[in-house]
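Let me begin by presenting the structure, written as structure tokens, before commenting on it.
To find a chain, count down the sequence lines: A is the first, B the second, and so on, and within it residues start at 1.
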2 protein chains.
Amino acid sequence: MASIKPSVPKGTRDFSPAEMARRNFIFDTIKSVFRKYGYQQIETPSMENLSTLTGKYGDEGDKLIFKILNSGDYLAKVDADKLAFKDSNLLISEISEKALRYDLTVPFARYVVQHQNEITFPFKRFQVQPVWRADRPQKGRYREFYQCDADVVGSDSLLNEAEFILIYDEALSKLGLRDFTIKINNRKILSGIAQVIDKSDNIIDLTVAIDKLDKIGLDGVIAELSNKGFTIEDINKLKPVILLEGSNTEKLESLRKALANSPIGLQGCDELETVLNYIKATPLQKGLLELDITLARGLNYYTGAIFEVKTNEVQMGSIGGGGRYDDLTGMFGLKGLTGAGISFGADRIYDVMEELDLFPSSAVQGTQVLICCFDKDAESYALPLLQRLRGLEINTELYPAGAKIKKQMEYANSKQVPYTILIGSEEMASGLLAFKDMTSGLQEKLTTGQIVEKLSK
Amino acid sequence: MASIKPSVPKGTRDFSPAEMARRNFIFDTIKSVFRKYGYQQIETPSMENLSTLTGKYGDEGDKLIFKILNSGDYLAKVDADKLAFKDSNLLISEISEKALRYDLTVPFARYVVQHQNEITFPFKRFQVQPVWRADRPQKGRYREFYQCDADVVGSDSLLNEAEFILIYDEALSKLGLRDFTIKINNRKILSGIAQVIDKSDNIIDLTVAIDKLDKIGLDGVIAELSNKGFTIEDINKLKPVILLEGSNTEKLESLRKALANSPIGLQGCDELETVLNYIKATPLQKGLLELDITLARGLNYYTGAIFEVKTNEVQMGSIGGGGRYDDLTGMFGLKGLTGAGISFGADRIYDVMEELDLFPSSAVQGTQVLICCFDKDAESYALPLLQRLRGLEINTELYPAGAKIKKQMEYANSKQVPYTILIGSEEMASGLLAFKDMTSGLQEKLTTGQIVEKLSK
């Protein structure tokens, strides 16, 4: 067999033990908070029927879906004339009927419709699985990455929105983040803004421009709005809304005035107020809640609340987002089922925690004790101690005898094992084993009983 | 958008919350035992370069690998003449350069070679990820399923083999299995058996026949051996080996006599004895260890110990298997690295536990308490209690107000929530809330303090 220089496909990654321990810490923390709020885990297959995915992500999205070649003689039934065209797009449906999921949302919608008779609504589910996109790989953008979503369908209560804010706050606080902002907006307020200047048809242009306030400033936004046909009068009406200031309550008050003539805008204000009141009753830990009317992500999709989360400790894109949508399952024929959901950006959260050195040492769920033996006799002596420690649920290893102690210590260091026990002829004769704290470097002679007691703490 | 009747591709599955809770119980238990024995988790990408996988699983295996269609205009560079042949096999390498992993072993070998300079050996890794095979789906056989592997590379110590037996025993005992057999054999003993009848070249025929003893009995095995050219004399020499009886120690004694003229056979006996001695020092919990020389799985692959695990409580194929291999990474150019590994058959273990009703109720990591409100006022009253219980790490939900209590109770039942708290105007006036144990049906009136105390236990 020819030797191949091994590598992984571009845009994909191996995760080492150290990386996995940290990733598990993030995922386990988020999952435990999801569960605490009554969300239950589901999993869907990595492959979906191509027809389930096609047409759900726009033309650009369709191109980024990884298609799976039919197995067997996939060309057998393809028309020879069709082949001669060499039209890649035309041929796809002939040679591929399955594809890798592109996100967790469309598979979830498919799941809800397919299993609607087994589900008790409201259905609160979370899902943590990889997704695949044939995007051009670049720093921080991968072709395989995990999404981490929680959604509730079949409940229009704004308590759900409030609880999503609490989930963000609790999960990120538990991960050790100290300063982050949970931004909230409402699609109905954006509709209201468009309505009061009588430009409902131009809501996309309007929100796309406002969304850039952070990047291009007020003058930039005004220039873009003019460009898109908004009049000076429109822009003057918009200015106080764009430049909204003060506390969330003050902002809401100003908005109510500005949107006084828009029923849908006022409804958005009411919804926001309800959510803010829920949060007043249950204060946040480390998160700041900020009403931000420039927030417009996924506008075509969201119909009510819109969320986005940003850390204020390092420069980084959003680490979470979500909102309410009124027609998730309509694409599969189940109409009128309202839902809301949020997502955690696990890769970015990882990078933030790495940069801020926030991973606790306990996040390394590794070996606690390494027993090092000088020879085969010591190994036999060590076996009962090994199993006794494991019986106490202490992760313990016995380095296979035969290696030099120096090599055994290097092994302990590379795995960041906090304690080692050395056993040689002297230790066996005296019954006092050399117990070493690898962090402090301190070594003491202890009986097995004393060691067990020390490690059981 | 046209409405599509939603389904999943054949051979794939959705996992509901109840199924996920049970699957998590299995995976979490196995992972915790892997960790206890010093194994560390890694993950590799779902996609590998097609060249990494091709040629590793035989011709039949190659056909079962799911190939991923190149993205973009995948036909652009394909020669028109080549297309005209309509040869599916010939075209694959032109239109597909990536594939879904077929098992965890080849990606692990690739990982070890690629990262050899970052790894401290012996390297003990575990991996729990899905694999994909374009097999014909049937009962218990899926196109996407999880594998659950632990391997050590870079250590020839037989302590590793002994610890794999302990891992099987501990994990399956923890899962609640009460009667299972861990079978062990050694490839060198099989080589020795072939050597003593001077049929080393026919070892495959020999082991394939012996392997069927359970199914076709001694007469069947003899018939098959005759068929394959083994003489009466050969068969007479083989009989006592095939019909080996007694304790493991007795079997080993008989084997030593039968293999007296085979150096490799005796080496196999020595290895087995060492492993058995390790286990004598650390008795098993629920597992039986059985030396079974008919065990020959993966013969071309294993070079030392061979393992297989079977439950004795229900009829089911093997629920685990593994062994030692001396050249895992040779296929990627890294020679002479010995390794050993085992695998748990998670889907079969699930089926066994389901059939024997072994899943503990604690395996459902769901909501512990549902707070049910008669109206909006009750909801406001309930919020502080909700967050207080969550603060105690109790999974708690507040059913969004507005639904009839009957519907809220149905929700609690469908999610198997063990406790509910009912709040209406009477409860708010008295401060005594209706606390219901959903299992016993008992309901009592308690203060929030009393409820918190009860649930904190």
Engaged part of A:Leu386 at the chain B interface, taking heavy atoms whose separation is under 4.5 Å: side chain
Student check: side-chain heavy atoms of B:Lys36 and A:Ile394 closer than 4.5 Å: no
Non-hydrogen side-chain atoms of B:Ser7 and A:Asn49 separated by less than 4.5 Å: yes
Toward chain B, the part of A:Glu163 with a non-hydrogen atom under 4.5 Å: side chain
Segment of A:Leu158 engaging chain B (4.5 angstrom heavy-atom cut-off): neither
NZ/A:Lys376: more than 12 non-hydrogen atoms of other groups inside 6.0 Å: yes
Audit row: A:Leu100, B:Met47, side chain to side chain contact (heavy atoms under 4.5 Å, CB included) steps and yes/no: CA-CA 11 Å; A:Leu100 293 176; B:Met47 304 171 176; 3.6 Å; yes
Per-residue contact mode, B:Ala99 against chain A (heavy atom under 4.5 angstrom): neither
Part of A:Pro9 lying under 4.5 Å from any heavy atom of chain B: both
Exercise: identify the closest heavy-atom pair between B:Ser16 and A:Tyr111: CA-OH, 3.2 Å
B:Ala84, part contacting chain A, at a heavy-atom distance under 4.5 Å: neither
Trace of the side chain to side chain contact (heavy atoms under 4.5 Å, CB included) decision for A:Leu69 with B:Ile92: CA-CA 9 Å; A:Leu69 199 58; B:Ile92 281 178; 4.2 Å; yes
Over all atoms of both residues, closest heavy-atom pair of B:Tyr74 and A:Ile95: OH-CD1, 3.8 Å
Which portion of A:Lys31 sits near chain B, non-hydrogen atoms under 4.5 angstrom: neither
Among A:Glu48, A:Arg390, A:Glu19, A:Gln114, residue most engaged with chain B (heavy-atom pairs, under 4.5 Å): A:Arg390
Pairs of heavy atoms under 4.5 Å with chain A: top-ranked of B:Lys63, B:Glu397, B:Glu410, B:Glu43: B:Glu43
Most contacts with chain B, counted as non-hydrogen pairs under 4.5 angstrom, among A:Glu118, A:Arg143, A:Lys124: A:Lys124
Test side-chain hydrogen bond (donor to acceptor under 3.5 Å, both in side chains) applied to B:Arg388 - qualifying residues, sequence neighbours left out: none
Check: A:Thr120 and B:Lys415 side chains under 4.5 Å, non-hydrogen atoms: no
Heavy-atom pair of closest approach, residues B:Thr282 and A:Leu383: CG2-O, 4.3 Å
Donor-acceptor contact present, side-chain A:Glu144 to main-chain B:Ser46, <3.5 Å: yes
Euclidean distance, A:Ser96 OG relative to B:Ile68 CD1, rounded to 0.5 Å: 10.5 Å
Between CD1 on residue A:Ile42 and CZ on residue B:Phe15, distance to nearest 0.5 Å: 11.5 Å
Structural part of A:Arg23 lying under 4.5 Å from a heavy atom of chain B: neither
Under 4.5 Å from any heavy atom of chain B - which part of A:Gln387: side chain
Residue A:Lys67 versus chain B: region with a heavy atom under 4.5 Å: both
A:Lys98 and B:Phe66, any side-chain heavy atoms less than 4.5 Å apart: yes
Contact origin within A:Leu50 toward chain B - heavy atom pairs under 4.5 Å: neither
Listed once per pair and sorted, the side chain to side chain donor-acceptor pair (under 3.5 Å) pairs that draw on residues 79-91 of chain A, sequence neighbours left out: A:Lys82-A:Glu94, A:Ser88-B:Asp73
B:Asp14 side chain reached by A:Pro45 side chain, heavy atoms, under 4.5 Å: yes
Residue pair B:Pro17 / A:Phe123, side-chain heavy-atom distance below 4.5 Å: yes
Heavy-atom proximity to chain B below 4.5 Å, by part of A:Glu393: both
Heavy-atom side-chain contact between B:Ser155 and A:Tyr399 under 4.5 Å: no
B:Pro107 portion near chain A, given a 4.5 angstrom heavy-atom threshold: neither
Inter-residue atom distance A:Ser71.OG - B:Arg133.CZ, 0.5 Å rounding: 14.0 Å
Most contacts with chain A, counted as non-hydrogen pairs under 4.5 angstrom, among B:Tyr411, B:Phe126, B:Tyr142: B:Tyr411
Region of A:Phe121 that comes under 4.5 Å of a non-hydrogen atom in chain B: backbone
Atom of A:Gly38, atom of B:Thr367 and distance for their closest heavy-atom approach: CA-OG1, 3.3 Å
Pick from A:Pro122, A:Ala162, A:Ala281 with the largest number of heavy-atom pairs that fall under 4.5 Å of chain B: A:Pro122
Pairwise side-chain contact, B:Thr52 with A:Val8, heavy-atom cut-off 4.5 Å (strictly under): no
Chain B contact via A:Leu159 - side chain, backbone, both or neither, heavy atoms under 4.5 Å: side chain
A:Arg125, part contacting chain B, at a heavy-atom distance under 4.5 Å: neither
Region of B:Thr44 that comes under 4.5 Å of a non-hydrogen atom in chain A: both
Under 4.5 Å from a heavy atom of chain B, the part of A:Lys174 involved: side chain
